[in-house]
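Worksheet for the structure shown next.
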Amino acid sequence: MERALAQHAKGAMLMGVDFLPVAKKARASVEVEVKESRGPSPDTLRVPTAPQRGEAPDKRAALDDLKRRHDAECAHCTTAPPFTQTVFGDGDPDAALMFIGEAPGAEEDKQGIPFVGRAGEKLNDMIRAMGLKREDVYIANILKARPPNNATPTPDEAERCGVWLTEQIRIIRPKVIVTLGKPAANYMLKNRDSMTSMRGTWHEYADGDLRIPIMPTFHPAYLLRAYTPENRKKVWSDLQQAMTKVSG
């Protein structure tokens with residue numbers, strides 16, 4: 001019990017959470033362990049990832065084929081203003097947990113990998129706080145090509161490029177999806193609701209026989225801009241709920 005509390009505290013500290021409701025009896029040992037190690041623990045509430053299901057090689061090949069088709073056929077990306085390269089996705093093709101953002105930024109456009117700029121570093125912190133590595137999850141965006149001036153995707157752009165995200169989800173079949181930011185949540189949930197009304201509450205993504213729980217949370221870029229204790233606690237609460245759902 002005390003070890004679990006200590007691990008929970010260390011994960012929360014990565015997200016900047018300033019306090020935890022720890023029982024008085026366990027508080028002393030928690031504080032000692034947190035002081036000794038402020039890095040992530042490999043045992044922290046680790047979510048079972050899908051390599052155990054033994055389907056990754058086929059899924060990897062399917063995603064590679066989908067990327068080739070996307071780059072040649074996407075109604076948005078083949079007609080978009082100039083960009084360096086498409087940014088299709090990154091991570092474990094058999095992941096139980098999938099993160100979805102809105103579009104690549106400048107650094108992502110250079111490297112061809114989603115979430116590798118400052119927001120990506122913060123997302124990595126969030127993933128480590130969950131007791132995972134980036135390689136344990138799958139990360140993608142609605143748009144696969146960087147919009148000019150990092151503009152928010154328009155509904156038309158999202159619809160034209162988003163069909164390829166739908167195919168990614170069908171291949172990966174994650175157990176839980178966490179959307180990052182309002183545009184991603186609005187697209188996935190087909191609504192125009194505010195981030196405040198969506199986050200912290202479970203929603204459902206439905207596609208044929210697929211029924212996947214969705215937890216919307218703040219985009220890491222927003223968290224960097226508004227790095228308040230309140231916002232950090234909200235994001236940590238969202239991630240905890242996702243961890244519980246995946247582990248269930």
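Of the possible polar contacts, one joining the Asn191 side chain to the Asp193 backbone as a donor-acceptor pair under 3.5 Å is found. Distance alone, capped at 3.5 Å, is enough to place a donor-acceptor pair between the Gln85 side chain and the Lys110 backbone. With hydrogens and angles ignored, the 3.5 Å screen pairs a side-chain donor or acceptor of Asn231 with a backbone N or O of Ala226. Remark: side-chain polar atoms of Glu73 are not paired, donor with acceptor, to backbone N or O of His70 under 3.5 angstrom. Distance alone, capped at 3.5 Å, places no donor-acceptor pair between the Arg211 side chain and the Ala206 backbone. Here the side chain of Ser237 pairs no donor or acceptor atom with the backbone of Lys233 at under 3.5 angstrom. Looking only at distances, a side-chain donor or acceptor of Asp109 sits under 3.5 Å from a matching main-chain atom of Thr84. With hydrogens and angles ignored, the 3.5 Å screen pairs no side-chain donor or acceptor of Arg134 with any backbone N or O of Ile127. Listed for the Lys182 side chain is no donor-acceptor partner under 3.5 Å among the backbone atoms of Met198.
Cluster annotation: Trp202 is connected to Trp236 through the hydrophobic network of ILVMFWY side chains, with a link wherever side-chain heavy atoms come within less than 4.5 Å. With hydrophobic clusters built from ILVMFWY side chains whose heavy atoms lie under 4.5 angstrom apart, Ile113 does not share a cluster with Phe83.
Contact of the Val178 side chain with the Ile100 side chain is not registered, since no non-hydrogen atoms from C-beta on lie closer than 4.5 Å. Side chains of Asp238 and Phe218 form no contact here, defined as non-hydrogen atoms less than 4.5 Å apart. Proximity of Met98 to Ile172: side-chain heavy atoms (C-beta onward) are separated by under 4.5 Å at one or more points. Pro216 has its side chain within reach of Leu189: a pair of non-hydrogen atoms, C-beta onward, lies under 4.5 Å apart. In this structure the side chain of Arg146 never reaches within 4.5 angstrom of the side chain of Glu108, judged on heavy atoms. You'll find the side chain of Leu123 reaches within 4.5 Å of the side chain of Phe99, heavy atoms only.
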*Checking salt bridge (charged side-chain N to carboxylate O under 4.0 Å, His left out) for the pair Arg170/Glu167: CA distance, chi angles, key distance, verdict?*
CA-CA 5 Å; Arg170 287 174 183 167; Glu167 291 297 324; 2.5 Å; yes
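To the nearest 0.5 Å, the span separating NE2 on His219 from OG1 on Thr179 amounts to 10.5 Å.
A donor and an acceptor atom, one from each side chain of Asn186 and Arg192, are nowhere located under 3.5 Å apart. For the residue pair Ser247/Thr244, the side-chain donor-acceptor check at 3.5 Å is not satisfied. For the residue pair Gln168 / Lys144, a side-chain donor-acceptor distance below 3.5 Å is found, with atom types taken as modelled. Between the side chains of Glu159 and Tyr187, no donor N or O sits under 3.5 Å from an acceptor N or O.
Remark: Lys67 does not engage Asp64 in a salt bridge, criterion side-chain N to carboxylate O under 4.0 Å.
Nearest heavy-atom pair across Ile139 and Pro114 is O-CG, 3.6 Å. Across every non-hydrogen atom of Arg60 and Gly91, the tightest pair is NH2-O, 3.1 Å.
By the 6.0 Å contact criterion, CG on Asp156 is enclosed, its count of non-hydrogen atoms from other residues, nucleotides or ligands being greater than 12.
With Leu132 as the partner, the side chain to side chain contact (heavy atoms under 4.5 Å, CB included) test is satisfied by one option alone out of Val246, Asp92, Leu97: Leu97.
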